[in-house]
Amino acid sequence: MEKRLDYERGLILLADSDNNQLTYRAGYGFTPEHEEILTKSPLPLDEHAPYGPILAAFFQQQPQHIADTEKIFTTLPPNSKMLVRELVIKSFLCCPIIFNNRSLGILAVDYANQEKQLIQSDINLLMGIAQVLGVRLHNATLLAEQVRQNQEILSLEKAHAVIAAEKEKSDRLAENLQEINDELKNFTYIVSHDLRAPLINIKGFSAELNTALEEIEAPLKKCREFLSDKETELLDIVLEEDIPEALEFINSSVTRMDGQINGILKLSRMGRRELLPEDVNLQEMVEAMIKTLAHQLDSHQAAVEIIGLPTIRADRISLEQIFGNLLDNGVKYLETGRPGKITVGCKQTDSEFIFSIKDNGQGIAEQDIEKIFAIFRRAGRQDTKGEGLGLASVKTLVRKLDGHIWCESTLGIGSTFFVALPRE
Ligand code: ADP
């Protein structure tokens, strides 16, 4: 336009995509200061507010020719007045850029020099250019949209490829994990099973040693008269103290180890047991458990409160073990010397039942809270009998039911065990 036409200045304003305002997009013949004013002064596209010739051309889709801005200056709205004044516009011509009956923008030209007058042929020429601009603009918008869509498809395809690769990776990992898990279960079972055989041997042979000891007692007695006092004393210490003590140690260690192997086997069997989901009324189940604990509760002057437990669909035996163990512990670790209080409750979220078993017992030190879920781990005062198996079994079972377990506790105040199980 600048090269081919003879106007001193020209500009293009375009409506934004929401048709909220007309903004300056291109122009020539303006000083940098003028360009800044034009850029910073978009015209709001409000048909109901007073508007000047530019918006008249846009809304009415008719060219507007102002031969002398001074004559209409007082009728202009403030923002048009500002533009006329700041850009020193004397006469100008603006044409709507239209496509498919829709106004897209404005093409305007002017002579800063009032000597030159715009005439009808200028209007015809500019309207022709505006029409071509309308088609080009439309095509450009279509093209931009196409490019945008292509980019979107490309980035979507990329994202899909990344997701597919990640999924493959995680599937492979899950498969590996499953294999390792199965191997571990078998390993635990086989090892603990096989460990029992030598243990039984040790137990058997230590019993045999005991019998042998008894059998040599009589012949040894006869030999004593040939021994010195010192030798007799040594024989007494070995036969009556050292050997029986060693055998005692062997026996108690064997018994302990046997218990532990049984524990591991029990846990391993628990992990391998097939689950049989059924509707379980937990209120009834926990009430029945409390009855069997009546004696222990009495000795701690303890009361139990059960707050609205639901019926859930899950494996009954697992639930019995979970709640049984947690209630047993709740009572077992109550503090002597203050009346016990145990509360069993349940909260429901969109996806889970969160059960809580709260007691006002001994509590657990912060550094022990995680440890107590490990097999054979015990914490705090060891003045109550236990094998350190209960919570490890509970954890295994909860995990098998796709749930999770955690504990909040304050030493000397009490503990709450939470069990979250999926609703579906
Ligand atoms: P056990 O009771 O045979 O020791 P558990 O696995 O059931 O084995 O518990 C592990 C340890 O966790 C217990 O030795 C005890 O220190 C602690 N514990 C469990 N439940 C409670 C509770 N309700 N209050 C305080 N300590 C608890």
Side-chain angles (χ1 to χ4, degrees), residues 1-138 140-141:
M1 237 166 81
E2 184 180 3
K3 282 185 192 145
R4 305 235 171 112
L5 303 178
D6 190 23
Y7 305 112
E8 279 178 12
R9 304 192 292 191
L11 60 82
I12 292 173
L13 304 174
L14 291 182
D16 59 12
S17 55
D18 305 326
N19 244 18
N20 279 334
Q21 56 185 24
L22 273 183
T23 37
Y24 174 72
R25 301 299 282 270
Y28 71 91
F30 295 101
T31 63
E33 293 77 36
H34 287 165
E35 295 237 354
E36 196 182 338
I37 292 169
L38 282 164
T39 311
K40 285 188 177 162
S41 322
L43 298 173
L45 285 172
D46 181 359
E47 222 172 327
H48 305 293
Y51 52 75
I54 292 181
L55 290 186
F58 185 87
F59 292 131
Q60 295 157 20
Q61 302 194 329
Q62 291 293 335
Q64 300 289 322
H65 176 210
I66 308 300
D68 186 353
T69 50
E70 254 174 50
K71 286 193 182 143
I72 59 153
F73 192 76
T74 50
T75 65
L76 293 175
N79 54 354
S80 300
K81 273 186 184 151
M82 184 277 287
L83 286 175
V84 166
R85 208 181 312 115
E86 296 294 329
L87 304 179
V88 202
I89 303 172
K90 290 172 183 158
S91 70
F92 73 99
L93 174 58
C94 58
C95 293
I97 302 170
I98 302 169
F99 184 80
N100 262 356
N101 294 328
R102 196 174 145 237
S103 299
L104 304 177
I106 290 294
L107 172 66
V109 292
D110 80 323
Y111 293 120
N113 166 8
Q114 212 177 3
E115 305 309 308
K116 281 191 182 176
Q117 277 297 320
L118 291 156
I119 53 171
Q120 185 59 41
S121 61
D122 292 304
I123 299 178
N124 295 345
L125 176 68
L126 220 61
M127 280 303 276
I129 297 173
Q131 203 176 350
V132 176
L133 265 179
V135 176
R136 294 261 171 96
L137 252 171
H138 177 71
T141 318

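The figures that follow rest on heavy atoms only: side chains count, while hydrogens, waters and symmetry mates do not. Small disclaimer: the values here were computed from a predicted structure and weren't measured.
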Phe99 and Thr141, any side-chain heavy atoms less than 4.5 Å apart: no

Phe92 vs Leu87, side chain to side chain contact (heavy atoms under 4.5 Å, CB included): CA-CA, chis, key distance, verdict: CA-CA 12 Å; Phe92 73 99; Leu87 304 179; over 6 Å; no

Met82 versus Ser41, closest heavy-atom pair with distance: CE-OG, 3.5 Å

Minimum heavy-atom distance between Ala130 and Cys95, given as atom pair plus value: CB-CB, 4.2 Å

Interatomic spacing from OH in Tyr24 to CD1 in Ile12 - rounded to 0.5 Å: 9.0 Å

Side chain to side chain contact (heavy atoms under 4.5 Å, CB included) between Phe30 and Leu38, intermediate numbers included: CA-CA 9 Å; Phe30 295 101; Leu38 282 164; 4.1 Å; yes

Heavy-atom closest pair, residues Arg9 and Val88: NH2-O, 3.4 Å

Derivation of the side chain to side chain contact (heavy atoms under 4.5 Å, CB included) call for Arg85 and Phe73: CA-CA 9 Å; Arg85 208 181 312 115; Phe73 192 76; 4.1 Å; yes

Heavy atoms of other groups near Gln21 CD, more than 12 under 6.0 Å: yes

Validation row: Leu76, Pro53 side chains within 4.5 angstrom (heavy atoms): yes

Side-chain heavy-atom pair Pro96, Met127 within 4.5 angstrom cut-off: yes

Leu126 CG to Ile97 CD1 distance, which is reported to the nearest 0.5 Å: 9.0 Å

Pairwise distance CG(Leu133) to CD1(Ile106) - rounded to 0.5 angstrom: 11.5 Å

With Phe59 via ring pair (Phe, Tyr, Trp, His ring centres under 6.0 Å) - residues at least two apart: Tyr51

Pairwise side-chain contact, Ile66 with Asp110, heavy-atom cut-off 4.5 Å (strictly under): no

Contact summary for Pro44 and Pro42, nearest pair of heavy atoms: CD-O, 3.5 Å

Worked check of side chain to side chain contact (heavy atoms under 4.5 Å, CB included) between Leu43 and Phe58: CA-CA 11 Å; Leu43 298 173; Phe58 185 87; over 6 Å; no

Spacing of CD1 belonging to Ile98 relative to NE2 belonging to His138, to within rounding of 0.5 Å: 14.5 Å

Side-chain heavy atoms of His34 within contact of Leu11, under 4.5 Å: no

Distance in Å, Lys81 NZ paired with Ile72 CD1, rounded so as to fall on 0.5 Å steps: 10.5 Å

Check: Glu70 main-chain N/O paired with Asp68 side-chain donor or acceptor under 3.5 Å: yes

Nearest-0.5 Å distance, CG of residue Leu13 to CG of residue Leu104: 12.5 Å

